2 protein chains.
Amino acid sequence: MSTKITFKNASKQDFLVLVRALVRAYQDFAAYDAAGHRAAGLTSPQADVLFALGNTEGLTFREIGEKTLITKGTLTGVIDRLENKRLVQRVPNPNDKRCTLVQLTRTGTQVFQEHFPRHIAYLKTRFDQLTHSDQRRATRFLHKIKAVF
Amino acid sequence: MSTKITFKNASKQDFLVLVRALVRAYQDFAAYDAAGHRAAGLTSPQADVLFALGNTEGLTFREIGEKTLITKGTLTGVIDRLENKRLVQRVPNPNDKRCTLVQLTRTGTQVFQEHFPRHIAYLKTRFDQLTHSDQRRATRFLHKIKAVF
DNA sequence: CTATTTTAGTACGTATTAGTACTAATGTCA
DNA sequence: TGACATTAGTACTAATACGTACTAAAATAG
């Protein structure tokens, strides 16, 4: 017997406990993640792009967007700022003049090789507090949540 | 025998599977949530504030920030725009002249009473696809994740 | 082969976000 | 009570974020 949702009982729906847990877990992680990047003079999206470009010969805007989940409109500005910092460079693609290849510069490669492992280790200190079993189970439930959207 | 993290093996750390699952689950939820609010002419933060103010006599900026996890600097702008839409109003507090009370206007109350239950039902259609048992277990693991930060 | 559609990236407007600095008001402590 | 710290909110900057519109280039349908 499901009751109709009204403005009085809406906030008592059981699933909202899960919603709040999801939002708070993500936000706390995101804040910790951003703090690690900021120590390297990078924002989270900038670091995400550097990490996507690392160990590649360059990626197009579309490919970077798919890896980082940054939409193309936002990506233009992020790449602009990384280019101003001399960490990446736009390279025209002669085969398909619509596409622009984005590559790490020598400086960008250095920053990647130093900051990337350090940041992964920085995250690992926290996730190591969860057992591998818990990590696997948490991952499974997060996949289930994602699957309903 | 833990291996040192380098820029070559860093991306192969097991816990990154969990990180990606968390980010993707949250982002898909957030996009679905935002779409529901946009149908009512609201942004997510604006709707969060309206929902926080619903069924109250008004809240201070600090209280709204605690409920919605919006920092005070951002909140000023969000409240400004809600005030421009005539959905909330700032009311000076005579007891403590530092505080401003934010209340729903009559229009804001109407929007809350219509949009809030509709939005909760809109979210419920998705979360109903998970069993109650899965919802409880997912919540437990999300609390564990939050606890390490 | 040409008209149409799709794809890639940019430009722009509005809104959010975090952080810092600032003012006014309140609380605290010696 | 008076110096000092704390609290509440605003102002400001830089960077995202998303949607829409736009241009150029490539792919495709007929």
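Everything numeric here is computed off the predicted structure, so don't read it as measured data. Chain letters run A, B, ... following the sequence lines, proteins first, then strands; residues in each count from 1.
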For nucleotides 10-21 of chain C, just jot down a letter per nucleotide in 5' to 3' order: B, S or -, based on protein non-hydrogen atoms under 4.0 Å.
-> B----SBBBS--
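For A:Asp33 and D:dT16, the CG to P distance is 13 Å, given to the nearest whole Å. Counting to the nearest Å, the P atom of D:dA15 and the CD1 atom of A:Ile79 are 14 Å from each other. Computed from coordinates, the B:Asn95 CG to C:dG27 C1' distance equals 16 Å when rounded to whole Å. When the P atom of D:dA15 is taken as reference, atom NE2 of A:His37 falls 16 Å away, rounded to whole Å. Atom CZ of B:Arg98 and atom C1' of C:dG27 are 7 Å apart (whole Å). Nucleotide C:dA8 holds its P atom 13 Å from the CD1 atom of A:Ile64, rounded to whole Å. Distance A:Leu42 CG to D:dT16 C1': 15 Å, rounded to the nearest Å. Rounded to an integer number of Å, the gap from A:Arg62 CZ to C:dT7 P is 10 Å.
Residues A:Phe29 and B:Val148 have side chains not in contact (no heavy-atom distance under 4.5 Å, counting atoms from C-beta outward).
Along DNA chain C, the nucleotide closest to B:Lys97 and the one closest to A:Cys99 are compared, and the more 5′ of them pairs with A:Cys99.
Shown here for B:Ile120 and A:Phe15, the closest heavy-atom pair between the two residues is O-CZ, 3.5 Å.
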Go through A:Lys85 and A:Gln46 one step at a time and tell me if the side chain to side chain donor-acceptor pair (under 3.5 Å) criterion holds.
-> CA-CA 11 Å; A:Lys85 292 181 182 175; A:Gln46 288 171 10; 2.7 Å; yes
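Taking the six-membered ring where the residue is Trp, the centroids of B:Tyr122 and B:Phe127 are separated by 6.0 Å or more. Ring centroids of A:His37 and A:Phe51 are separated by less than 6.0 Å, placing the two rings close together.
In this structure, B:Arg20 has no salt bridge (charged side-chain N to carboxylate O under 4.0 Å, His left out) partners at least two apart in sequence or on a different chain.
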